[in-house]
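Order of the sequence lines fixes the chain letters, A, B, ..., with proteins taken first and strands second; residue numbering starts at 1 for each chain.
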Amino acid sequence: MAGAMTRYDPAAIEPKWQAFWEQDDTFRTPEGSDRPKTYILDMFPYPSGAGLHVGHPEGYTATDIVARYRRAKGYEVLHPMGWDAFGLPAEQHAILTGTHPRDTTTKNIATFKRQLKMLGFSYDWSREIDTTSPDYVKWTQWIFLKLFERGLAYQSEIPVNWCAALGTVLANEEVINGLSERGGHPVERVPLRQWVLKITAYADRLLEDLEGVDWPNSTRIMQEEWIGRSEGAEVRFDVAGHDASIEVFTTRPDTLFGATFMVLAPEHPLVESVTTDAQRAQVDTYVQQARNKSERDRQSSKEKTGVFTGGLAINPVNGAEVPIYIADYVLWGYGTGAIMAVPAHDQRDFEFATALGIPIIEVVSKSGTASDIPLQEAMIEHGVAVNSGKYDGLETAEFKERVTADLQAAGKGRARVEYKLRDWNFSRQRYWGEPIPVYFPVETEGDPRAGADFTIRYDQPKAVDESELPLRLPELDDYKPGEDPAGVLARARDWRFFQKNGKWFARETNTMPQWAGSCWYYLRFLDPHNPETLCSSELAQRWLPVDLYVGGAEHAVLHLLYARFWHKVLFDAGVVVTKEPFKKLVHQGMILGEDGQKMSKARGNVVNPDDIVDAFGADSLRIYEMFMGPLEATKPWNTSSIAGVRRFLDRVFTVTSRAAPDAEPDDALTRLLHQTIRKVTEDIEAMRFNTAISAMMVLTNELMKLEEIPSEALGILAKLLHPFAPHAGEEVWELLGHPPSIQREAWPAYDPALCEQDEVEVPVQINGKVRARITLPKDANEAQALAAARALPNLAAQLEGKPLRKIIWVPGKILNLIA
RNA sequence: GCCGGGGUGGCGGAAUGGCAGACGCAGGCGACUUAAAAUCGCUCGUGGAAACACAUGCGGGUUCGAAUCCCGCCCCCGGCACCA
């Protein structure tokens with residue numbers, strides 16, 4: 001082998017090894033050994049028509065390195081891939097071209113799969129799953145039935161942005177100043193019957209169990225804030241002159257004596273009854289305006305507006321009469337949709353009171369006495385109660401407890417916990433999603449399929465029988481949203497209506513959102529072909545939780561919260577035994593275009609992985625993406641830097657061509673080999689791939705200096721390199737005369753003793769400035785170091801005549817002399 | 001506004017209390033070549049001939065010693081944003 005010319009030709013070796021792995025079944029997940037398991041998972045992609053983006057291989061390479069490393073370390077590794085294939089783009093394409101979304105999806109999956117195979121990822125392809133396949137949909141629907149059985153899926157009339165002209169519901173982002181973004185048509189907030197999942201029932205568990213996961217701190221904080229737990233009190237204010245009361249939620253019951261008015265959200269049902277005739281016209285106008293604004297528009301203007309209803313409420317702590325207003329800064333969706341307003345201690349209430357000339361009463365003070373001058377802004381900090389009757393002088397925390405207890409005793413309130421988290425709107429009026437497996441009785445005189453009038457009893461939902469799953473989508477000619485808010489599927493009358501025992505029924509025509517399939521796919525990978533159950537409990541016990549989960553930070557809340565929610569429901573149903581699905585989570589950073597801007601078609605700065613593989617090879621792309629910087633960092637693409645990585649791989653083949661089977665590494669090389677093994681091993685464990693690659697470059701550069709290179713050294717290099725550049729690793733291993741596959745070789749071990757130098761070079765500082773270096777035995781003591789330093793003529797001169805005031809000796813690191 | 005992350009050569013980055021700039025890109029010089037590319041070698045923070053001085057967003061502090069720790073400020077990126 002020595003001396004043979006071995007040019008590195010990725011175009012030849014990459015397909016060669018991909019074919020070998022496929023035929024050899026190298027990456028099939030081993031089952032049933034007593035070796036430790038590792039489940040390494042990527043966030044599976046939506047197979048878009050644009051094909052793979054260079055951002056995809058970043059996370060996929062990182063997990064692939066860990067998977068290949070752990071196999072070499074003796075783990076049983078599960079590393080699967082699949083397709084999150086329901087979604088809007090395929091449906092939009094269908095609306096424009098008439099192509100069935102299934103055809104588009106099949107084509108796109110083929111492209112993605114070709115591209116992933118081209119990059120040499122070590123997936124166990126026998127476990128490939130597709131969220132749109134009937135096999136998979138069956139179990140997504142099955143989980144929905146579990147949610148329904150447990151009362152966690154319910155119907156609710158919730159306000160949506162309905163655009164009659166476009167015949168569709170719009171997302172908040174699509175509504176601008178009450179008009180549709182496309183076309184400028186009026187948009188109305190109308191209540192629409194939707195399926196909703198009761199994620200709020202799991203709010204506390206979703207919060208508590210974040211403690212136990214190894215996730216980025218920022219993601220945990222985002223989830224905590226999304227759930228938004230706050231503790232406070234519910235307080236009841238009676239309405240003067242009515243047999244009614246207003247419930248409010250407050251985190252500051254200690255400020256009750258400062259409540260100088262109340263505010264109802266415009267949607268609040270009591271608005272109607274508390275409004276006096278004199279105020280009715282004004283109130284109606286305000287309510288109408290608020291209704292036609294989208295939530296986003298309501299929140300975009302910070303200016304406080306509102307009107308007096310004419311009604312008065314009684315403050316339960318002191319019997320004071322306070323005016324009741326309506327204002328859109330109070331949100332119908334949070335708390336009780338009504339507040340007690342304390343302008344002295346809440347900035348929003350302060351602004352509203354100032355704008356409308358409402359009195360401001362200070363009830364909390366830093367000093368313990370009320371201010372002499374009017375407040376310029378709300379004092380929101382805690383302090384000591386003033387102007388609060390018998391509670392005066394109490395600290396905020398103690399006041400809260402006492403007044404809450406007193407209110408409870410008086411039947412006027414109680415402690416309460418509130419969340420920002422809302423129940424999850426699970427309905428889409430779209431085609432390309434999982435049909436919701438529910439049907440309803442129909443009241444009709446004829447055949448509704450033929451156009452007879454009908455009434456659907458939505459109040460009597462029935463679950464589709466498990467034996468009828470999967471409930472498949474009907475075939476349609478037209479996928480456009482229509483006039484019927486029931487959704488696209490409502491037009492498939494033959495599918496929608498059916499008879500059973502002589503009675504007519506109608507299927508639910510809403511479909512599930514795209515999140516549904518990705519909520520549980522990590523489970524199906526464990527048992528992808530099981531027709532009896534979504535995942536056998538033995539396999540769930542063996543493989544869960546996912547040990548490493550890598551994907552974009554854009555999923556920090558939605559996907560990662562929804563999946564945790566379903567997992568907990570499945571835990572309660574006995575399907576899984578771990579509380580959490582994903583133990584360690586890592587977000588890969590975004591790769592920007594060469595211009596430092598986000599890659600986009602419009603900017604023309606998109607890099608296509610196919611082009612890079614053609615020009616440099618898959619291994620160069622993989623190593624480049626790992627070498628760019630820390631995995632989590634956002635970093636700009638730079639094509640000329642890939643050339644450097646390619647040069648590194650070229651040099652690996654150059655040194656391989658100088659392999660000398662009988663040569664032995666000398667002491668210096670032995671030390672470098674052990675140091676490199678240690679560095680690469682530690683860096684893979686910590687997912688610091690950029691510095692691992694740097695260490696392999698250093699080793700390769702040293703080997704370049706040798707004429708005859710010990711084969712043993714090259715074998716170690718190949719083993720370290722192979723998780724990063726698997727094709728090159730296999731090829732070098734074979735060139736060295738070993739049988740494939742290098743994946744079956746054990747990870748090289750290092751001896752810490754052999755990593756150490758016998759002698760170390762230590763900088764000598766005078767007064768903190770480096771003035772010289774001394775070479776010392778590695779375990780030299782302070783006296784030896786000082787003697788060596790004094791022996792240096794230039795140092796002796798500098799120290800002359802000055803007594804040493806202090807000597808700092810950090811063994812093996814530094815000698816600092818203070819003169 | 002609030003929360004989180006970050007700011008180091010021409011560029012990507014390394015160093016997390018102990019020699020700032022590992023590794024790579026780009027650049028410069030040289031070898032090989034008729035020439036170029038490729039490859040190989042050397043060089044490469046700024047000022048200075050050198051000794052040396054200065055240098056990790058800005059200002060202060062702690063320490064024998066700070067890119068790293070603390071305080072204040074500026075800027076960039078991401079998230080949330082009237083949540084009572």
B:rG4 OP1/OP2 closer than 4.0 Å to side-chain N/O of A:N217: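 Answer no for this pair, as no side-chain N or O of A:N217 is under 4.0 Å from OP1 or OP2.
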
Would you kindly give the [atom1]-to-[atom2] distance between [X] and [N], to the nearest whole Å?
X      : N      : atom1 : atom2 : value
A:K813 : B:rA15 : NZ    : P     : 13 Å
A:I591 : B:rG12 : CD1   : C1'   : 12 Å
A:L264 : B:rA84 : CG    : C1'   : 13 Å
A:E225 : B:rC80 : CD    : P     : 10 Å
A:M697 : B:rC23 : CE    : P     : 10 Å
A:E418 : B:rA84 : CD    : P     : 9 Å
A:Y329 : B:rA84 : OH    : P     : 13 Å
A:R688 : B:rA22 : CZ    : C1'   : 14 Å

Between N or O atoms, less than 3.5 Å apart, protein on one side and nucleotides 37-46 of chain B on the other: list the pairs.
none

All side-chain contact (heavy atoms from CB on, under 4.5 Å) counterparts of A:N425, not counting sequence neighbours: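 Result, side-chain contact (heavy atoms from CB on, under 4.5 Å) vs A:N425: A:I158, A:Q194, A:S427, A:R428.
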
Partner set under side-chain contact (heavy atoms from CB on, under 4.5 Å) for A:S388, not counting sequence neighbours: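 In terms of side-chain contact (heavy atoms from CB on, under 4.5 Å), with neighbours along the sequence ignored, A:S388 is linked to A:F257, A:V363, A:A385, A:Y391, A:D392, A:F399.
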
When you measure from the side chain of [X], which nucleotide among [options] comes out closest?
X      : options                : result
A:K769 : B:rC54, B:rC23, B:rC64 : B:rC54
A:I808 : B:rG18, B:rG12, B:rC80 : B:rG18
A:K806 : B:rG4, B:rG12, B:rC64  : B:rC64
A:N690 : B:rC19, B:rA84, B:rA14 : B:rA14
A:K304 : B:rC19, B:rG18, B:rC82 : B:rC82
A:S640 : B:rG24, B:rA84, B:rC25 : B:rC25
A:T250 : B:rA84, B:rC25, B:rG18 : B:rA84
A:Q765 : B:rA84, B:rA15, B:rG18 : B:rG18
A:M222 : B:rG79, B:rA84, B:rA14 : B:rG79
A:S694 : B:rG4, B:rA84, B:rA22  : B:rA22

Please name all residues satisfying ring-ring contact (aromatic ring centres under 6.0 Å, His included) with [X], sequence neighbours left out, ordered by chain then number.
X      : answer
A:W515 : A:Y562
A:F627 : none
A:Y419 : none
A:H555 : A:H559

Given the [atom1] atoms of [N] and [M], what is the spacing between them in whole Å?
N      : M      : atom1 : value
B:rA20 : B:rU34 : P     : 47 Å
B:rA31 : B:rA14 : C1'   : 31 Å
B:rC23 : B:rA15 : C1'   : 12 Å

Syn or anti for B:rG13 (syn when the glycosidic angle lies within 90° of 0):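 That one's anti.
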
Quick one: list whatever passes salt bridge (Lys or Arg N to Asp or Glu O under 4.0 Å) with [X], sequence neighbours left out.
X      : result
A:K806 : none
A:E362 : none
A:D349 : none

Sugar-phosphate, base or nothing in reach of A:V810, heavy atoms under 4.0 Å: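 The answer is base, as A:V810 lies within the cut-off (heavy atoms under 4.0 Å) of a base atom.
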
Sugar-phosphate only, base, or nothing, as touched by A:I339 at under 4.0 Å among non-hydrogen atoms: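 Answer is base: heavy atoms of A:I339 come under 4.0 Å of a base.
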
Secondary-structure string, 5' to 3', Watson-Crick or G-U under 3.5 Å, | for another-strand partners, for RNA chain B: (((((((..(((.....[....))).(((((.......))))).(((....)))..(((((..]....))))))))))))....

Mutual orientation of the aromatic rings belonging to A:Y325 and A:F308 [parallel < 30°, tilted 30-60°, perpendicular > 60°]: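 Aromatic pair A:Y325/A:F308 classed tilted.
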
Short N-O contact, A:R603 and A:D595, less than 4.0 angstrom: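 Between A:D595 and A:R603 there is no salt bridge, as every charged N stays at least 4.0 Å from the carboxylate O atoms.
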
Test item: A:E231 side-chain N/O and A:V417 main-chain N/O as donor-acceptor pair under 3.5 Å: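 Pair absent, no side-chain N/O of A:E231 close to backbone of A:V417.
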
Ring-ring centroid check A:F261 A:F352, cutoff 6.0 Å: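 They qualify: ring centres under 6.0 Å apart.
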
Residue-level proximity of residues 620-632 of chain A to RNA chain B when a heavy atom falls under 4.0 Å: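 A:F627, A:M628, A:P630, in order of number.
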
